[in-house]
Amino acid sequence: MTAPFVLAVPSKGRLQENAEAFFTRAGLTLAKPGGVRDYRGTIAGFDNVEIAYLSASEIASNLARGAVHLGITGEDLLRESIPDADKKVALIDGLGFGSANVVVAVPQAWIDVRTMADLDDVTTGFRAQHNRRMRVATKYINLTRNFFASHGVVDYRIVESAGATEGAPATGTAELIVDITTTGATLVANGLKVLDDGVILRSQANLVASRAADWSAQSLETARIILDHIAARARASKYKEVRTRFAGCNQALLTEAHNRFGVVSPFGGPTSSGMITLHCPPAQLYALSSFLRANGADTVSVASLDYVMDRENPLFAKLEAFLRQ
Ligand SMILES: Nc1ncnc2c1ncn2[C@@H]1O[C@H](COP(=O)(O)OP(=O)(O)OP(=O)(O)O)[C@@H](O)[C@H]1O
Ligand SMILES: O=P(O)(O)OC[C@H]1O[C@H](OP(=O)(O)OP(=O)(O)O)[C@H](O)[C@@H]1O
Ligand SMILES: [Mg+2]
């Protein structure tokens with residue numbers, strides 16, 4: 001039997017539910033044959049796919065090693081744990097969930113410290129005055145080093161923190177922190193503020209491909225089918241389907257609709273009786289239907305799309321381009 005194609009899915013934490021819902025929306029039904037506690041799964045209808053349920057950070061390291069072909073994890077974990085990440089993994093698609101920023105935060109009481117340049121001044125002053133360097137609590141060691149270096153900040157040292165990082169300044173184990181934040185509530189609760197230019201990374205969950213995985217012809221074909229499902233769903237959710245028929249519907253009108261509302265006509269121009277099917281960005285639906293009625297349409301119907309299967313698959317194209325590099 002040939003080696004299976006391995007897809008890594010978050011097994012816990014805040015990415016888990018969203019990741020499972022994402023595959024379901026794409027028409028890929030994940031199943032755990034051994035019950036909820038099983039850390040191996042399958043996709044209904046795929047014989048040769050193995051789902052590996054792992055934590056978000058394990059998914060990042062497995063992608064780097066090539067132990068999984070595709071996986072879902074946070075960009076923060078990829079950039080932190082994989083040196084030269086863009087050579088080892090391809091971020092195929094941002095998924096619109098798991099959004100969080102990796103930030104530099106200092107005590108709110110430091111009213112004169114608003115920017116990284118201000119931080120540079122105080123770290124230098126601190127070292128001169130106390131004869132030791134300011135401490136930065138974080139688990140994002142590599143991101144912190146690179147970001148501080150790019151701002152010329154050198155008088156600091158990192159105190160590795162595995163959890164409750166925001167508490168470090170109050171408990172006296174560090175002067176400032178680098179951590180991930182979404183709502184900012186944890187920072188505020190701990191009397192901290194983000195520096196104005198202190199956003200290191202805007203992260204979200206991504207669908208990620210590994211270069212080091214075993215990309216046999218069969219694995220590539222499996223990836224193509226999985227990405228085809230995902231692309232069809234992504235394409236469908238960008239548009240609503242708009243249908244109408246009226247005598248004055250012509251190519252000039254469609255060109256105007258395209259330019260004004262971002263509308264596309266996937267099946268070509270209107271029929272001889274003026275029948276047309278359009279795809280329209282959701283935010284432009286009312287404006288488009290007003291435009292069509294002003295030009296003679298009596299009725300305009302709007303429907304949601306589940307899937308749009310195009311010949312082109314931009315996600316698979318990205319994977320192929322990455323593996324060719
Ligand atoms: N507010 C947030 N705080 C932390 N992580 C977030 C947040 N929002 C989104 N994430 C994303 O979720 C990823 C995993 O964090 P989460 O806390 O959900 O998992 P976890 O089970 O704690 O993982 P691990 O055990 O590996 O730390 C983060 O690396 C980040 O990409
Ligand atoms: O900006 P906020 O919306 O307040 O979210 C940020 C907090 O959430 C995360 O912790 P998490 O809940 O994952 O706990 P953990 O550190 O144990 O993983 C993160 O480490 C912050 O502490
Ligand atoms: Mg966590």
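Keep in mind that what you see is a predicted model, and the values were worked out from it rather than measured. For the numbers below, each heavy atom of this structure counts, side chains included, while hydrogens, waters and symmetry mates do not. For ligands, and for the atoms within them, numbers begin at 1 and follow the listed sequence. The chain is numbered in sequence order, starting from 1.
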S55, portion touching ligand 1 at heavy-atom distance under 4.0 Å: side chain
Salt-bridge criterion met for E80 and R145 (N-O under 4.0 Å): no
Contact atoms of ligand 1, heavy-atom distance to T182 under 4.0 Å: 1 (N), 2 (C), 7 (C), 8 (N)
Numbered atoms and elements of ligand 2 in range of T186, under 4.0 angstrom, heavy atoms: 2 (P), 4 (O), 5 (O), 6 (C), 7 (C), 22 (O)
Contact atoms of ligand 2, heavy-atom distance to T183 under 4.0 Å: 1 (O), 2 (P), 3 (O), 4 (O)
Under 4.0 Å to a heavy atom of I180 - the qualifying atoms of ligand 1, by number: 3 (N), 4 (C), 5 (N), 30 (C)
L77 neighbourhood, listing ligand 1 atoms whose heavy-atom distance to it stays under 4.0 Å: 29 (O)
Numbering as shown, the atoms of ligand 2 that approach I180 to under 4.0 Å (heavy-atom distance): 6 (C), 19 (C), 20 (O), 21 (C)
Beyond-backbone contact of I43 with T29, side-chain heavy atoms, under 4.5 angstrom: no
E166 neighbourhood, listing ligand 2 atoms whose heavy-atom distance to it stays under 4.0 Å: 21 (C), 22 (O)
D310 and its salt bridge (charged side-chain N to carboxylate O under 4.0 Å, His left out) partner, picked from R235, R233, K238: R235
Numbered atoms of ligand 1 (with element) below 4.0 Å of S57, judged on heavy atoms: 26 (O)
Qualifying side-chain hydrogen bond (donor to acceptor under 3.5 Å, both in side chains) pairs, either residue in residues 296-308, two or more places apart: K240-S304
Interfacing atoms of ligand 1 (cut-off 4.0 Å, heavy-atom, A100): 7 (C), 8 (N), 9 (C)
Of the listed options K12, K139, E80, R14, closest to atom 15 (O) of ligand 1 (non-hydrogen atoms): R14
Donor + acceptor pair across side chains of D76, Y140 (<3.5 Å): yes
Geometric N/O contact T181 with ligand 1, under 3.5 angstrom: no
Non-hydrogen atom of G184 closer than 4.0 Å to ligand 2: yes
Contact atoms of ligand 1, heavy-atom distance to G13 under 4.0 Å: 18 (O), 21 (O)
Part of S99 within contact of ligand 1 (heavy atoms, under 4.0 Å): backbone
Parallel, tilted or perpendicular: rings of F267 and H279 (30°, 60°): perpendicular
Atoms in ligand 1 flagged as close to G74, the criterion being non-hydrogen separation under 4.0 Å: 31 (O)
Set of ring-ring contact (aromatic ring centres under 6.0 Å, His included) partners for F316, sequence neighbours left out: none
Test item: side-chain donor near acceptor, S216 and S219, under 3.5 Å: yes
Non-hydrogen side-chain atoms of T73 and P10 separated by less than 4.5 Å: no
R79 bridged to D86 by N-O distance under 4.0 Å: yes
